[in-house]
Amino acid sequence: MSVLLIAGSPSERSRTAALLRAVGERLSLRGAQVSELRVRDLSPQALLLADFSHPSVLQATAQVAAADVLVVATPVYKAAYSGVLKVFLDVLPQDALKGKTVLPLATGGSPHHMLALDYALRPVLQSLGAKNILPGIYATDAQVVLNPEEGYTIAPDISARLDEAVNSLVDDKLWRTFSNAGRFSPVPFSQVRCSV
């Protein structure tokens with residue numbers, strides 16, 4: 001299973017990045033091939049001008065296309081996902097997420113912005129064709145705490161939710177692999193016989 005971690009934070013070090021890294025570490029331990037795309041590293045001019053042919057946009061689009069699973073992480077600003085992530089999603093082809101499983105993650109200053117995942121980000125992911133969008137995980141500043149020596153510490157309740165989400169991703173992918181393995185051919189309903 002190939003997983004692309006999409007960091008939608010404009011900051012290099014952030015609570016959002018810590019949450020995303022925690023998911024990536026868990027998936028790596030489960031045998032997933034994990035790569036990362038930091039939207040902040042793409043050409044700002046190409047994103048703002050929707051330059052679909054810019055090399056950084058083409059490479060990012062290819063990374064999205066190659067992944068089976070996407071983990072999209074964003075800070076929440078003013079009750080919506082980050083503008084950096086918005087301009088990136090805008091340059092993706094309309095069917096860029098077709099058939100993909102997506103795990104949305106978000107961080108924010110207070111629990112009041114928790115619904116940004118469902119009311120702002122989820123509709124955009126659906127419009128891009130995501131097949132399966134897992135329940136999002138939202139963490140407040142109090143749940144992802146900066147420790148000067150150790151980086152960020154994730155609260156146990158959020159850590160447990162990350163474990164559950166990773167298990168769902170792995171189980172979903174294994175089920176889809178098994179169900180698509182062709183062990184049994186589909187049987188048309190007209191050929192089904194019942195005996196009493």
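Note that the coordinates shown come from a computational prediction; the quantities given were computed from them, not determined experimentally.
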Contacts satisfying salt bridge (charged side-chain N to carboxylate O under 4.0 Å, His left out) that involve residues 69-78 (not counting sequence neighbours) are none
Suppose we screen for side chain to side chain contact (heavy atoms under 4.5 Å, CB included). Which residues come up paired with A22, at least two apart in sequence or across chains?
R26, I154, L162
Tell me who clusters with Y119, hydrophobic residues only, linked when side chains sit under 4.5 Å apart either directly or through other members.
L115
Can you name the side chain to side chain donor-acceptor pair (under 3.5 Å) partners of R122, sequence neighbours left out?
D118
Roughly how far, to the nearest 0.5 Å, is CG of L103 from CD1 of I137?
5.5 Å
To the nearest 0.5 Å, tell me how far Q143 CD sits from I158 CD1.
4.0 Å
Please name the pair of heavy atoms, one in Q63 and one in L37, separated by the smallest distance, quoted to 0.1 Å.
OE1-CD1, 3.5 Å
So CG of L128 and CD of Q126: to nearest 0.5 Å the spacing works out to 10.5 Å
Do any side-chain atoms of residues 79-93 form donor-acceptor pairs under 3.5 angstrom with protein atoms, and if so which ones, sequence neighbours left out?
from : atom 1 : to  : atom 2 : distance (Å)
S82  : OG     : G8  : O      : 2.4
S82  : OG     : T74 : OG1    : 3.4
S82  : OG     : L85 : N      : 3.2
K86  : NZ     : D90 : OD1    : 3.0
K86  : NZ     : D90 : OD2    : 3.3

Any side-chain heavy atom of R30 within less than 4.5 Å of one from N167?
yes
Are the side chains of V3 and Q33 in touch, meaning some heavy atoms are under 4.5 Å apart?
no
Can you get from L105 to L134 by hopping between Ile, Leu, Val, Met, Phe, Trp and Tyr side chains that sit under 4.5 Å apart?
yes
Check whether any side-chain N or O of T140 sits under 3.5 Å from a backbone N or O of G109 as a donor-acceptor pair, and report yes or no.
no
Of all residues at least two apart in sequence or in a different chain, which pass the side chain to side chain donor-acceptor pair (under 3.5 Å) check with S56?
H54
Between L20 and L125, is there a shared hydrophobic cluster once you connect ILVMFWY residues whose side-chain heavy atoms come closer than 4.5 Å?
no
Test item: Q94 and S127 side chains (from C-beta on) under 4.5 Å apart, heavy atoms:
yes
Can a side-chain donor-acceptor contact be found between S53 and D51 if the only test is distance below 3.5 angstrom?
yes
Donor-acceptor contact present, side-chain S159 to main-chain A155, <3.5 Å:
no
Not counting sequence neighbours, which residues clear side chain to side chain contact (heavy atoms under 4.5 Å, CB included) with P123? List them please.
none
Heavy-atom nearest pair, V102 first then A130, reads CG2-CB, 3.8 Å
Show the nearest heavy-atom pair for residues V34 and G24, with the distance to one decimal.
CG2-O, 3.9 Å
By side chain to side chain donor-acceptor pair (under 3.5 Å), which residues pair with D95, not counting sequence neighbours?
none
R21 side-chain N/O to T16 backbone N/O, donor-acceptor pair under 3.5 Å:
no
Return the minimal non-hydrogen interatomic distance between V64 and A96, and the atom names on each side.
CG1-O, 3.8 Å
Same hydrophobic cluster for Y77 and L19, using side-chain heavy-atom links shorter than 4.5 Å among ILVMFWY?
no
Side chain to side chain, P10 and P75, heavy atoms closer than 4.5 Å
yes
Side chain to side chain contact (heavy atoms under 4.5 Å, CB included) partners for R40, two or more places apart:
E12, R38
Closest non-hydrogen contact found for L27 with M1 is CD2-CE, 4.2 Å
Please check if V144 and I6 belong to a single hydrophobic cluster, counting links between Ile, Leu, Val, Met, Phe, Trp and Tyr side chain heavy atoms closer than 4.5 Å.
no
For L146, all residues meeting side chain to side chain contact (heavy atoms under 4.5 Å, CB included), sequence neighbours excluded:
R13, Y152
If hydrophobic clusters are built from ILVMFWY residues whose side chains come within less than 4.5 Å, do V72 and Y138 share one?
yes
Out of I133, L5, L4, which one pairs with L70 under the side chain to side chain contact (heavy atoms under 4.5 Å, CB included) rule?
L4
In chain order, what residues pass the side chain to side chain donor-acceptor pair (under 3.5 Å) check against K100, with sequence neighbours excluded?
none
